[in-house]
Participant: 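Pasting a structure here, questions to come.
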Amino acid sequence: MRETAAQDLLDWYDTHARTMPWRVPPADRKAGVAPDPYHIWLSEVMLQQTTVAAVTEYFRKFVARWPTVADLAAAEDADVMAAWAGLGYYARARNLLKCARTVASEYGGQFPRTRAGLEKLPGIGPYTSAAISAIAFDQPETVVDGNVERVMARLHDEHTPLPAAKPILTQQAEALTPQHRPGDYAQAVMDLGATICTPRNPACGLCPWRTPCTARQAGTAPELPKKTPKKAKPVRRGIAYVGRRADGAWLLETRPDSGLLGGMLGWPGSDWSEAPAPPPAPPVDTDWHPLEGEVRHTFTHFHLILAIQTAWLPQDAAPSAGGFVPSAEFRPADLPTVMRKVFDLAQTSLR
DNA sequence: CATGCGTGGGG
DNA sequence: TCCCCAAGCAT
């Protein structure tokens with residue numbers, strides 16, 4: 001690898017950097033403008049396994065409502081979970097609050113600048129610690145995300161499948177990281193992977209690294225990185241009960257903090273299982289009506305088919321699960337997507 | 001080290 | 001319709 005590879009990429013970044021609400025453009029950065037570490041942390045957590053397009057509006061909403069890490073630390077749990085609803089991987093939201101409260105109470109509202117310091121905080125792992133340290137504080141740390149893995153695999157024509165190849169690709173990425181402008185370099189590699197060195201149909205002709213790229217020379221770029229095959233998703237089934245009290249209040253429950261959709265609002269119902277199971281007792285003993293359709297939703301590791309039962313509940317109902325949310329306080333947007341799908345299907349029969 | 005953990009968009 | 005994928009982390 002030529003010693004100028006990093007500089008070639010930085011030159012490309014100077015003219016091709018994507019614009020994002022949390023990002024300081026390279027020209028401003030050169031002029032001495034530093035990013036807000038709170039913004040970088042928040043965006044990096046939101047971006048874990050999540051697209052820039054999906055994150056952008058959530059980021060704006062969070063920063064408008066909680067402008068500093070101290071503001072976020074002071075927020076109610078339920079408000080943060082509701083604001084995160086729809087973004088997925090809800091453990092991130094719970095860890096986000098834990099982290100904000102730790103930074104506010106134990107670090108005087110200042111994020112640690114080092115990888116090691118950052119990695120002690122909840123929800124911050126090897127990637128995110130490197131990203132915050134590099135981008136927010138311009139430390140020469142190496143970020144290794146899915147983009148970097150793909151770019152390195154192609155640059156070095158590495159055919160070892162992921163995740164076994166991860167240590168090799170990490171070493172290759174470290175060897176390329178410059179001491180000069182490490183924060184912009186980190187963002188540049190990821191922009192390259194997102195816009196040029198894409199998973200399918202990479203635009204090799206436009207790539208600032210087209211000359212040194214060995215996979216391009218070998219014609220193997222589009223098939224890299226190799227990955228070990230994934231398991232098929234099983235189908236699970238369950239029942240959800242959508243109940244509405246005579247005064248219009250909805251019967252909802254806050255799910256346990258750990259596990260699937262942990263800490264989020266949802267409709268009471270059965271467990272979701274592959275094997276047929278006897279329907280559980282409904283949360284209120286009354287006359288429930290099955291809906292015609294079903295809700296289909298796919299999670300990371302299974303497909304779900306949900307049958308829906310609805311009922312109007314007496315004003316004095318004492319549910320065995322969940323509690324009543326007044327109609328005026330209920331916002332479907334506060335539900336995780338699968339639960340919002342249930343609501344969309346059920347609401348027409350409860351008006 | 002393998003698994004659990006969401007969602008929406010694109011091919 | 002389906003599969004793949006996206007700035008991973010915790011256990």
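Just so we're on the same page: letters track the sequence lines, and every chain starts at 1. Computed from heavy atoms alone, side chains included, the values below leave out hydrogens, waters and symmetry copies.
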Participant: Is it the case that one hydrophobic cluster holds both Ile135(A) and Val24(A), taking links as side-chain heavy atoms less than 4.5 Å apart, direct or via other members?
Facilitator: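 No, Ile135(A) and Val24(A) fall in different hydrophobic clusters.
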Participant: Does either side chain, that of Asn147(A) or that of Arg150(A), offer a donor lying less than 3.5 Å from an acceptor on the other one?
Facilitator: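 Per modelled atom types, Asn147(A) and Arg150(A) side chains form a pair under 3.5 Å.
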Participant: Can you find a side chain N or O atom of His297(A) that sits less than 4.0 Å from OP1 or OP2 on dT7(B)?
Facilitator: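 Yes, His297(A) has a side-chain N/O under 4.0 Å of OP1/OP2 on dT7(B).
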Participant: Only counting residues at least two apart or in another chain, list the ones meeting side chain to side chain donor-acceptor pair (under 3.5 Å) with Ser105(A).
Facilitator: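 Ser105(A) satisfies side chain to side chain donor-acceptor pair (under 3.5 Å) with no other residue.
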Participant: Judged by modelled atom types alone, do Arg23(A) and Gln187(A) share a side-chain donor-acceptor pair under 3.5 Å?
Facilitator: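 Yes, Gln187(A) and Arg23(A) have a side-chain donor paired with an acceptor closer than 3.5 Å.
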Participant: Quick check for you: among dG6(B), dA7(C), dA6(C), whose closest atom lies nearest to any side-chain atom of Phe299(A)?
Facilitator: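 Among the listed nucleotides, the one closest to the side chain of Phe299(A) is dG6(B).
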Participant: Using distance alone, with no hydrogens and no angle criterion, decide if Thr298(A) and His303(A) have a side-chain donor and acceptor under 3.5 Å apart.
Facilitator: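 Distance-only check passes for Thr298(A) and His303(A).
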Participant: Rounded to whole Å, how long is the line connecting atom CD1 of Ile124(A) with atom C1' of dC9(C)?
Facilitator: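 Rounded to whole Å, this separation is 11 Å.
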Participant: Considering only the P atoms, how many Å lie between dG8(B) and dC9(C), rounded to the nearest integer?
Facilitator: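 These two P atoms come out 22 Å apart once rounded.
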Participant: Heavy atoms under 4.0 Å, any strand shown: does Trp84(A) hit a base, just sugar-phosphate, or nothing?
Facilitator: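 Contact class for Trp84(A): none.
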Participant: Can you tell me the distance, in whole Å, between the CE atom of Met190(A) and the P atom of dC5(C)?
Facilitator: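 Result: 19 Å.
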Participant: It should be established whether Lys166(A) places a side-chain nitrogen or oxygen under 4.0 Å from OP1 or OP2 of nucleotide dC1(B).
Facilitator: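 Indeed not, no polar side-chain atom of Lys166(A) lies that close.
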Participant: Could you tell me the separation between the OH atom of Tyr127(A) and the P atom of dG8(C), rounded to a whole number of Å?
Facilitator: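 About 7 Å, once rounded to whole Å.
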Participant: Are Leu96(A) and Tyr107(A) linked, directly or through intermediate hydrophobic residues, by side-chain heavy-atom contacts shorter than 4.5 Å (ILVMFWY only)?
Facilitator: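 Tyr107(A) clusters together with Leu96(A).
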Participant: Any idea which of dC9(C), dA7(C), dG6(B) is nearest the Leu261(A) side chain?
Facilitator: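 For the Leu261(A) side chain, the nearest candidate turns out to be dG6(B).
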Participant: What distance, rounded to whole Å, do you find between the two P atoms, one in dC5(B) and one in dA7(C)?
Facilitator: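 One P to the other, the span is 23 Å.
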Participant: In this structure, how many angstroms lie between the P atom of dG6(B) and the CZ atom of Arg296(A), rounded?
Facilitator: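 From Arg296(A) CZ to dG6(B) P: 21 Å.
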Participant: Residues from residues 85-103 of chain A sitting under 4.0 Å of DNA chain B, heavy atoms only?
Facilitator: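 Within this stretch, Gly86(A), Leu87(A), Gly88(A), Tyr89(A), Tyr90(A) sit under 4.0 Å of the strand.
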Participant: Do Glu119(A) and Ser129(A) pair up side chain to side chain, a donor and an acceptor below 3.5 Å, judged on atom types alone?
Facilitator: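 Yes.
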Participant: Can you tell me the distance, in whole Å, between the NZ atom of Lys233(A) and the C1' atom of dG4(B)?
Facilitator: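 Checked: the NZ to C1' distance equals 12 Å.
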Participant: Look at the side chain of Thr300(A) against the base of dG6(B) and say whether a donor-acceptor pair falls under 3.5 Å; ignore hydrogens and angles.
Facilitator: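 Under the 3.5 Å cut-off, the side chain and the base do form a donor-acceptor pair.
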Participant: What does the list of N/O pairs under 3.5 Å between the protein and nucleotides 1-3 of chain C look like, with a distance for each?
Facilitator:
none

Participant: Using whole Å, report how far CG of Leu192(A) lies from C1' of dA7(C).
Facilitator: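 Rounding to the nearest Å, CG of Leu192(A) and C1' of dA7(C) are 14 Å apart.
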Participant: From CZ of Phe302(A) over to C1' of dT3(B), roughly how many Å is that when rounded to an integer?
Facilitator: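 Whole-Å distance recorded here is 14 Å.
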Participant: May I have the step-by-step check of side chain to side chain contact (heavy atoms under 4.5 Å, CB included) for Trp250(A) and Val242(A), ending in yes or no?
Facilitator: CA-CA 8 Å; Trp250(A) 298 89; Val242(A) 180; 3.8 Å; yes
Participant: Taking only heavy atoms on the protein side, list every residue of residues 38-67 of chain A lying under 4.0 Å from any atom of DNA chain B, sorted numerically.
Facilitator: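 The stretch gives Gln49(A), Thr50(A) as the residues lying under 4.0 Å from the strand, ordered by number.
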Participant: In this structure, how many angstroms lie between the C1' atom of dC1(B) and the NZ atom of Lys230(A), rounded?
Facilitator: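 Rounding to the nearest Å, NZ of Lys230(A) and C1' of dC1(B) are 17 Å apart.
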Participant: Test of understanding: with salt bridge (Lys or Arg N to Asp or Glu O under 4.0 Å), list the residues that count as partners of Arg340(A), not counting sequence neighbours.
Facilitator: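 Here the qualifying residues are Asp344(A).
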Participant: Regarding Met20(A), tell me which of base, sugar-phosphate or nothing describes its non-hydrogen contacts under 4.0 Å with the strands shown.
Facilitator: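 Contact class for Met20(A): base.
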Participant: Taking the six-membered ring for Trp and the full ring for Phe, Tyr or His, determine whether the centres of Tyr185(A) and His180(A) are under 6.0 Å apart.
Facilitator: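 Judged by ring-centre distance (under 6.0 Å), Tyr185(A) and His180(A) do not meet the cut-off.
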Participant: Working note: Phe302(A) + Phe299(A), criterion ring-ring contact (aromatic ring centres under 6.0 Å, His included); need CA distance, chi angles, decisive distance, verdict.
Facilitator: CA-CA 5 Å; Phe302(A) 64 94; Phe299(A) 292 96; 5.0 Å; yes
Participant: Does the side chain of His301(A) get closer than 4.0 angstrom to OP1 or OP2 of dC5(B) through an N or O atom?
Facilitator: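 Yes, His301(A) has a side-chain N/O under 4.0 Å of OP1/OP2 on dC5(B).
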Participant: Can you identify which nucleotide, out of dT7(B), dA6(C), dG4(B), has its nearest atom closest to the Thr337(A) side chain?
Facilitator: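 Given the options dT7(B), dA6(C), dG4(B), the side chain of Thr337(A) is closest to dT7(B).
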Participant: Can you tell me which nucleotide in dA7(C), dG6(B), dT7(B) comes closest to the side chain of Leu260(A)?
Facilitator: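 Between dA7(C), dG6(B), dT7(B), the one nearest the side chain of Leu260(A) would be dG6(B).
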Participant: Looking only at atom types and distance, does a side-chain atom of Ser327(A) sit under 3.5 Å from a main-chain N or O of Ala249(A), one as donor and one as acceptor?
Facilitator: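 Checking the backbone N and O of Ala249(A) against the side chain of Ser327(A), no donor-acceptor pair under 3.5 Å is found.
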Participant: List in chain and number order the residues that pass side chain to side chain contact (heavy atoms under 4.5 Å, CB included) with Glu274(A), two or more places apart in sequence or in another chain; answer none if no residue qualifies.
Facilitator: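 Expected list: Pro234(A), Arg236(A).
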